[in-house]
Amino acid sequence: MPKTFFITTAIDYTNSAPHIGHAYEKVLADVIARYHRLKGESVFFLTGADQHGQKVQQSAEKAGISPNDFVRSTTDKFIDLWKKLDVKYDAWAETIDPRHKQVVQGMLQRLFDEGQIYKDKQSGYYSVRQEQFLTDKERGADGEFGPEWGQVEFREEENYYFKLEQHKRWLLNMIDKRSKTERPFVIPDFRETELRNAVEKLSGDLCISRPKSRLNWGIELPFDSDYVNYVWFDALTNYISFAAYNPKIDKYESQPQEFLEKWPALQIIGKDILIPAHGIYWPIMLHALGFPDEAMPQLLVHGWWNLGGAKMSKSAGNIVDPNALADKYGAEALRYYLMSDIATGKDAEFSEERLLTRYNSDLANSLGNLLNRTLNMSGRYCGSGLANREVDDEKLNEWSTTKSLDIDARYRHGMESFDIDAALGWAIHFATFCNVAVETFAPWKLAKDANRKSLLDAVLYNLAESVRTIGILISPVLPKAAHGIFDQLNWKMELSGKEERFSLADAEWGKLPDGHVVGKPVPLFPRIEQ
Ligand code: MSP
């Protein structure tokens with residue numbers, strides 16, 4: 001059965017509007033998905049919105065509307081943004097979807113029937129304002145609960161618990177076993193180490209319910225209508241409920257083909273939700289449901305965009321709005337910045353000035369300028385008709401992706417290891433190399449010497465071929481610009497505007513035929529003045 005490349009992101013909380021961190025994760029996933037399509041693989045990219053929970057219930061109350069209306073309007077803001085940023089997913093997960101509810105309830109019922117979920121009494125200090133039980137961690141230096149918790153009272157509450165701790169050994173073994181393979185459970189390495197340490201310390205089971213008196217905006221427990229599920233069984237399950245998983249079928253191997261051809265997924269998440277949700281609860285949930293070890297997903301954990309050295313947060317008022325940036329500079333400029341100025345796995349500092357600098361230097365100066373010169377000189381010196389000539393010139397012979405710079409291999413390596421910044425860097429490096437070659441060969445000088453016509457033709461051909469290759473390599477990050485390049489090269493016009501226009505196999509040297517006529521230059525990345 002041919003496997004589909006299945007990629008997911010975290011689903012975003014819909015208690016407020018999207019910010020730059022959300023946009024980063026979506027674009028990252030979109031780029032990886034597009035790269036796999038570029039390789040000719042079938043891809044299933046699932047993302048969506050996390051719509052239940054206390055915060056949503058509170059925000060809706062504040063706004064004076066129903067939670068349902070509230071999540072509709074916030075969710076639509078996310079959808080509009082993904083459209084604006086050209087994030088092309090194959091399926092959209094909304095946790096209020098009845099199909100999703102059914103899967104969550106089916107899973108809970110099965111685990112309950114199998115004795116993996118039990119009811120227990122909890123007692124302790126409870127903050128009425130924050131609507132949560134407090135632990136000793138919440139006590140201040142004086143041993144008291146601070147004023148931020150409002151009225152604190154002693155309470156007893158019954159809830160449902162999922163047996164977590166009993167799977168601890170299994171989880172440690174799974175992480176270790178996978179660590180040595182080509183598909184470690186967690187990347188990068190240092191996050192795997194963090195997770196392992198956290199699992200070592202795991203104790204206790206997971207509370208998975210809230211009485212309806214406290215929270216009603218959630219999925220009702222199928223075995224007790226006084227409770228709703230809280231929170232992770234609802235949120236995490238989206239990854240399988242929107243991929244055709246059927247909780248009524250015990251045996252993993254008997255799941256629908258539609259599910260088996262996709263799962264397991266590559267799951268992209270931020271560093272804040274690795275421990276405990278994605279790194280502990282999620283694999284244990286899957287394991288408890290009978291997923292074999294080979295069917296555990298892979299977690300790609302990215303870092304954070306900070307602002308002024310601090311975490312962005314609504315309360316600190318330092319949120320960067322991706323909509324405003326896309327309106328101001330264009331979606332592609334924003335995509336490029338988000339992919340080129342952070343190393344996957346690490347944090348980065350957001351700076352609008354850096355966005356401009358990278359755009360102007362890499363896109364306007366290097367790539368845009370190269371395209372412009374190539375088409376201009378082709379028009380001027382060979383009437384835009386390319387001639388693919390065999391010329392024995394040492395420097396010229398070196399000038400191809402595979403022969404000298406090995407860009408194609410380096411690019412692939414970067415993309416395969418999710419180092420998008422490195423992969424992109426090689427494509428831009430190639431453009432810079434070509435700009436240097438223009439100066440070295442000086443076509444304007446060659447044009448004055450009839451004896452050097454062949455070399456002139458060959459240089460112009462190489463330039464066009466290089467630009468075409470770069471167009472393919474940047475297409476996952478800059479799909480619109482890649483189309484612009486192909487349109488101006490007058491290449492694959494029958495597929496104009498379609499993603500199928502680009503294929504990594506075409507990034508092979510010499511595909512432009514002898515006599516191909518290129519188009520006129522149109523500025524692709526006009527400089528943005530600061
Ligand atoms: N709803 C949960 C995830 C459920 S997944 C089953 C959630 N939502 S979130 O809206 O708070 O965050 C969504 C994603 O955005 C997370 O992966 C989070 O790490 C990421 N980011 C939030 N702020 C970020 C930055 N400042 N920078 C980069 N990514 C960050 O968590």
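Every number for a ligand or one of its atoms is a count from 1 in the order of the listing.
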Return yes or no for this condition: an N or O of [X] is under 3.5 Å from an N or O of ligand 1.
X: Tyr24; result: no
X: Asp50; result: yes
X: Trp232; result: no
X: Met312; result: no

Students should be able to answer this: which protein heavy-atom is nearest to [atom], and at what distance?
atom: atom 17 (O) of ligand 1; value: Glu25 OE1, 2.5 Å
atom: atom 13 (C) of ligand 1; value: Asp12 OD1, 3.1 Å
atom: atom 22 (C) of ligand 1; value: His19 CE1, 3.8 Å
atom: atom 8 (N) of ligand 1; value: Tyr13 CD1, 3.2 Å

Original post:
Taking the six-membered ring for Trp, are the ring centroids of Tyr239 and His278 within less than 6.0 Å of each other?
Top reply: yes
Original post:
Among pairs that include at least one residue of residues 45-54, which meet salt bridge (charged side-chain N to carboxylate O under 4.0 Å, His left out), considering only residues two or more places apart or in two chains?
Top reply: none
Output the list of atoms in ligand 1 that are nearer than 4.0 Å to some heavy atom of [X], sorted by atom number.
X: Gly270; result: 17 (O), 19 (O)
X: Ala235; result: 6 (C)
X: Gly303; result: 28 (C)

**OP:** Say whether His278 and ligand 1 are in contact under the criterion: heavy-atom distance to a ligand atom below 4.0 Å.
**Re:** yes
Original post:
Is there a heavy atom of Ala277 sitting under 4.0 angstrom from any atom of ligand 1?
Top reply: no
Subject >> Identified ring-ring contact (aromatic ring centres under 6.0 Å, His included) partner of Tyr160 from the options Phe223, Tyr230, Tyr118 >> reply: Phe223
Subject >> With Phe44, the ring-ring contact (aromatic ring centres under 6.0 Å, His included) member among Phe6, Phe259, Tyr89 >> reply: Phe6
Original post:
In chain order, what residues pass the ring-ring contact (aromatic ring centres under 6.0 Å, His included) check against His100, with sequence neighbours excluded?
Top reply: Phe242
Original post:
What is the ring orientation for Phe78 with Trp82, classed by angle as parallel under 30°, tilted 30 to 60°, or perpendicular over 60°?
Top reply: tilted
Original post:
Given Asp86, which of Lys26, Arg335, Lys480 fulfils the salt bridge (charged side-chain N to carboxylate O under 4.0 Å, His left out) condition?
Top reply: Lys480
Original post:
For ligand 1, which part of His302 has a heavy atom less than 4.0 Å away: the side chain, the backbone, both, or neither?
Top reply: side chain
**OP:** Quick one: look at Asp272 and ligand 1, take heavy-atom pairs under 4.0 Å, and tell me if it's side chain, backbone, both or neither.
**Re:** side chain
**OP:** Answer yes or no: is there an ion pair linking Asp327 with Lys84, defined by an N-O contact shorter than 4.0 Å?
**Re:** yes
Original post:
Does the side chain of Gln51 reach to within under 4.5 Å of the side chain of Ile11, using non-hydrogen atoms?
Top reply: no
